[in-house]
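Quick notes on the structure that follows.
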Amino acid sequence: MRSRALLTAWIALVWERSVPVLWPGLTALGLYLILALLGLWDWIGDPWRALYALASIGLAGWLTWRASRGFAWPSSDDTARRVEADSGIEARPHEALVDTPSEDDPIARRLWAEHRRRMAERLKSAKARRPHAAWAAYDHWAVRGQIAVLLVVALMIAGPAARGRLSEAFSLTPILAGGTTLSVDAW
């Protein structure tokens, strides 16, 4: 089997298996970024920013930990099955290439060698596909899309102040309440 197909299948399996582990933390980070870009932390200041950050980190960490208990790195068999499934190959030819006959009979050895040759021929055209839509299975309400849109809108609203707001949101220095008010000039 081609090593590129195996690597592609392994990466796809890792991505699909890591989505349920990563998405709670990424959601919490996205919400924190949106609030920072909109200037909420400038408006209410600390300790609310710190409390929200700690609560978000705690909740995301707990959800990620809980989901990571079900995570398993793909084995070589998982990867081979994925390539075979993506290529529409049946009869598990990868197993024939790594397996050996149970008897040491010369006729059985020749038969097995011919079987392995045929299976190797089947695997020459094997290809792995891209990862399946793993996010959709865990994000029924399309929160990832909503967060992406809100991040873009918040970046546009923040304008030139975005860099400062983001650096303040992640700095350890306290933010005093009562920052500048937000004004939007629309023509």
Side-chain angles (χ1 to χ4, degrees), residues 4-76 78-79 81-83 85-86 128-187:
R4 182 176 175 161
L6 289 172
L7 178 64
T8 304
W10 185 82
I11 291 170
L13 285 171
V14 168
W15 171 253
E16 292 168 5
R17 293 177 181 188
S18 63
V19 164
V21 176
L22 296 176
W23 88 270
L26 292 175
T27 302
L29 177 65
L31 290 174
Y32 186 78
L33 288 172
I34 290 167
L35 295 176
L37 287 169
L38 293 176
L40 181 68
W41 309 134
D42 291 338
W43 186 56
I44 63 172
D46 276 330
W48 302 112
R49 173 193 64 132
L51 290 174
Y52 182 85
L54 288 175
S56 294
I57 290 169
L59 181 63
W62 179 74
L63 289 172
T64 302
W65 171 78
R66 195 178 85 187
S68 70
R69 295 186 309 183
F71 180 82
W73 290 100
S75 67
S76 60
D78 295 338
T79 306
R81 295 294 91 70
R82 175 62 178 261
V83 171
D86 285 352
R129 308 265 186 263
R130 347 179 268 184
H132 298 141
W135 284 105
Y138 295 98
D139 188 10
H140 302 293
W141 295 300
V143 172
R144 67 193 185 280
Q146 295 171 24
I147 288 179
V149 168
L150 288 174
L151 270 171
V152 170
V153 169
L155 271 169
M156 290 188 325
I157 289 173
R163 180 180 224 148
R165 287 180 181 172
L166 288 176
S167 65
E168 281 182 352
F170 290 102
S171 73
L172 296 177
T173 56
I175 297 176
L176 301 175
T180 60
T181 59
L182 174 67
S183 69
V184 177
D185 295 331
W187 294 92

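Note that the coordinates shown come from a computational prediction; the quantities given were computed from them, not determined experimentally.
- In this structure a side-chain-to-backbone donor-acceptor pair under 3.5 Å is present from S68 to W65.
- Remark: E168 engages no residue in a salt bridge (charged side-chain N to carboxylate O under 4.0 Å, His left out) (not counting sequence neighbours).
- Taking all atoms of both residues into account, the shortest heavy-atom contact from P131 to W15 is CB-CD1, 3.5 Å.
- What you find for A12 and R129 is that their closest heavy atoms are CB-O, 4.2 Å.
- A67 is linked by a side chain to side chain contact (heavy atoms under 4.5 Å, CB included) to V21, counting only residues two or more places apart in sequence or in another chain.
- Counting heavy atoms from C-beta on, the side chains of R49 and D46 come closer than 4.5 Å.
- Under a 3.5 Å cut-off, the side chain of R165 and the backbone N or O of L37 do form a donor-acceptor pair.
- With hydrogens and angles ignored, the 3.5 Å screen pairs a side-chain donor or acceptor of Y32 with a backbone N or O of A169.
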Practice problem: Please test L22 against F71 for side chain to side chain contact (heavy atoms under 4.5 Å, CB included), starting from the C-alpha separation and ending with a verdict. | Solution: CA-CA 11 Å; L22 296 176; F71 180 82; over 6 Å; no
Exercise. Please lay out, stage by stage, how D78 and R81 fare under the test salt bridge (Lys or Arg N to Asp or Glu O under 4.0 Å).
Key: CA-CA 5 Å; D78 295 338; R81 295 294 91 70; over 6 Å; no
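- We find the CD1-OG distance between I11 and S18 to be 11.5 Å, quoted to the nearest 0.5 Å.
- Considering every non-hydrogen atom in both P24 and L63, the closest pair reads CB-CB, 3.6 Å.
- Of all heavy-atom pairs spanning G30 and I147, the tightest one is CA-CG2, 4.0 Å.
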